[in-house]
Amino acid sequence: MADLVRFKNTVDGQSCESVSSRWLASVNPYTGEAWAEIPHCDADDASAAIESAHRAFTKGPWATMTATNRGKLLRRLGDLIARDAEKLAAIETRDNGKLYAEMHGQLRYMPEWFYYFGGLADKIEGGVLPIDKPNLFTYTKKEPLGVVVAITPWNSPLLLLTWKLAPALAAGNTIVIKPSEFTSCSTLALMELVKEAGFPDGVINTVTGYGHELGSTLVEHPMVAKVAFTGGDATGAAVYAGAAKHIKHVTLELGGKSPNIVFADANIDDAVKGAISGIFAASGQTCIAGSRLLVQRSVYEEVSQKVVAFAKSARLGNPMEETTQVGPVTTLPQRKKILDYMDVARGEGARCLLGGGTPDDPELAKGWFVEPTIFGDVSNSMRIAREEVFGPILSIIPFEDDEEAVEIANDTIYGLASGVWTSNIRRAFTMADRIRAGTVWVNTYRAVSFMAPFGGYKMSGIGRESGQAAIDEYLQTKSVWINLAEGVANPFVLR
Ligand code: NAD
């Protein structure tokens, strides 16, 4: 293990190993070999990081810094991320196996969140209230919550962290970050930029390790005011329950089973590309995966054939190479889960139109690859249409008319995203109204922006990230009452 790259945590501004001096290996999904090590932290590390964040929140330069200067720090961090985008993207690809082109695109876009929320930092306003009681001057203030714990998944480690970090810091909170144990390296590398940008010690801390032993300790710690979590819905429910013990604020960004709906009046070639980008980009490992392709029956055969032909041509390979279109999946347990779902789908009577296993190309033998897989004749009651797979498996489901499309689209416990492909403007707006999901894309798919709120309906989550409202997720409102009159009224009744 001597030549593995070692990444360290940052607590109270200091680079550190874990208290127990244990390490965890980080494995490259393309080679199947460990390439780096991260500290294996436990409850002792969690306490030290939270106490550091708490000190920074209550004392020291951050606690008294003007919002304008907070904003400047955020913008400086954005500049440094832009400078080091290539380096950080390469670390992410080595850790999670997603295409370098995808990770680099995310890294290049990420500074915008720091610029946007850096700009918002000094525009957080309360108000003077026109109050109905005489001689009282009453106003509201918006204040930060305190220590925020940010827990992130493995699929887009830095982007999903940024969605929490930028608004949380703009609002004046301090942070403890726990990245996924599978993909912690880019977050630890980011901390060098945090230092260079000049954030005071303790404002941003990291701890790395397993969710069940470290994550739950962070969530339940009494000094933590808020948990911002992205991950699976079962973990999200455990986080929600843990946070409830001390009535913490929570944001939960969870999974999905998003419908991507193709009407017969759509531009079919565009819809086919939308279907592909919905499920095979990032090897299906995205929360917004359009894993249920709903196709109007009159174009069902045409769309199915075209989607299969397009997916068949996808080039699997080294995610670092520009010509690769589909990389490996991130973890070995995830690959097993995906392959098991293929058996489930076959067992339930879905017709396998493409893929259905692992590729037999010897060049790919060491990596954790799964074939782009498409099942036809799927009924929405099958497990393959109901449960989140988080892999490159597309289920194609036929429908007759608008009514049935809405019914199938909404017949899910999730509500994260959706796509509608149509050339009929009335249909586009009506579907956008009727689909119960936090995002509806019409004639496009997988668009996100720092300006647009993102989050789930139903079991896809609570709260929104990005857009102006995201900063409110990290603020609380205080009402201040100033008595302008002499004396105190009857103390035994409500004023
Ligand atoms: P996961 O739920 O297994 O893990 C997410 C994070 O939670 C990791 O850091 C993990 O260590 C931690 N964790 C695990 N158990 C914990 C516990 N008991 N207490 C506290 N923390 C714990 O998710 P994953 O497998 O890393 O990521 C895939 C999931 O994330 C998918 O379900 C996907 O849909 C979801 N996701 C959602 C979004 C979104 O924005 N809605 C984005 C990306 C991924």
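Counting convention: from 1, in listed order, for ligands and their atoms alike. In what follows, every heavy atom counts, from backbone to side chain, and hydrogens, waters and symmetry copies are set aside.
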**Study point:** W441 and N260: side chain donor to acceptor below 3.5 Å
**Key:** no
Review point. N/O of W154 under 3.5 Å from N/O of ligand 1, yes or no?
Key: yes
Check your understanding: In terms of residue, atom name and distance, what is the protein heavy atom nearest to atom 15 (N) of ligand 1?
Key -> T235 CG2, 3.2 Å
Review point. Heavy atoms only: which of P157, S258, C287, G456 is nearest to atom 39 (C) of ligand 1?
Key: C287
**Study point:** Protein contact of atom 27 (O) of ligand 1 - nearest heavy atom, named by residue and atom, plus distance
**Key:** P153 CB, 3.3 Å
Revision key, fill the gap. Among non-hydrogen protein atoms, atom 44 (C) of ligand 1 lies closest to N155 ND2, 3.4 Å
Study note, to complete from the structure: Residue, atom and distance of the protein heavy atom nearest atom 34 (O) of ligand 1 read E388 OE2, 2.5 Å
Practice item. Identify whether the distance between the nearest side-chain nitrogen and carboxylate oxygen of R55 and D201 falls below 4.0 Å. Key: no
Exercise for review: Considering only non-hydrogen protein atoms, determine which one is nearest to atom 19 (N) of ligand 1 and report residue, atom name and distance to 0.1 Å.
Suggested key: S216 N, 3.4 Å
Check your understanding: Does the distance from a Lys or Arg side-chain N to an Asp or Glu carboxylate O, for K164 and E253, drop under 4.0 Å?
Key -> no
Review point. Any side-chain donor-acceptor pair under 3.5 Å between E213 and H40?
Key: yes
Study note, to complete from the structure: For atom 33 (C) of ligand 1, the closest protein heavy atom turns out to be F390 CE1, 3.1 Å
Practice item. Using only heavy-atom distances, determine whether the side chains of N205 and S52 contain a donor-acceptor pair under 3.5 Å. Key: yes
Practice item. Would you check whether G232 has a nitrogen or oxygen atom less than 3.5 angstrom from a nitrogen or oxygen atom of ligand 1? Key: yes
**Study point:** Basic-acidic side-chain contact under 4.0 Å: D472, R464
**Key:** no
Exercise for review: If the plane angle is over 60° it's perpendicular, under 30° parallel, otherwise tilted; pick one for F369 and Y30.
Suggested key: perpendicular
Point to revise | Side-chain donor-acceptor contact under 3.5 Å, S156 with K98 | key: yes
Review point. Hey, is ligand 1 close enough to E181 that some N/O pair sits below 3.5 Å?
Key: yes
**Study point:** salt_bridge(E102, R446) N-O dist < 4.0 Å
**Key:** yes
Check your understanding: Are R6 and E37 close enough for a salt bridge, meaning some N to O gap below 4.0 Å?
Key -> yes
Study note, to complete from the structure: atom 18 (N) of ligand 1 has as its nearest protein heavy atom G211 O, 4.0 Å
Exercise for review: Using distance alone, determine whether G209 and ligand 1 share an N or O pair under 3.5 Å.
Suggested key: no
Practice item. Could you find the nearest protein heavy atom to atom 20 (C) of ligand 1 and give me its residue, atom name and distance? Key: G215 C, 3.3 Å
Practice item. Please check atom 23 (O) of ligand 1 for a protein heavy-atom neighbour under 4.0 Å. Key: yes
Point to revise | Heteroatom proximity flag, K178 to ligand 1, N/O under 3.5 Å | key: yes
Check your understanding: Looking only at N/O atoms, are T152 and ligand 1 under 3.5 Å apart anywhere?
Key -> yes
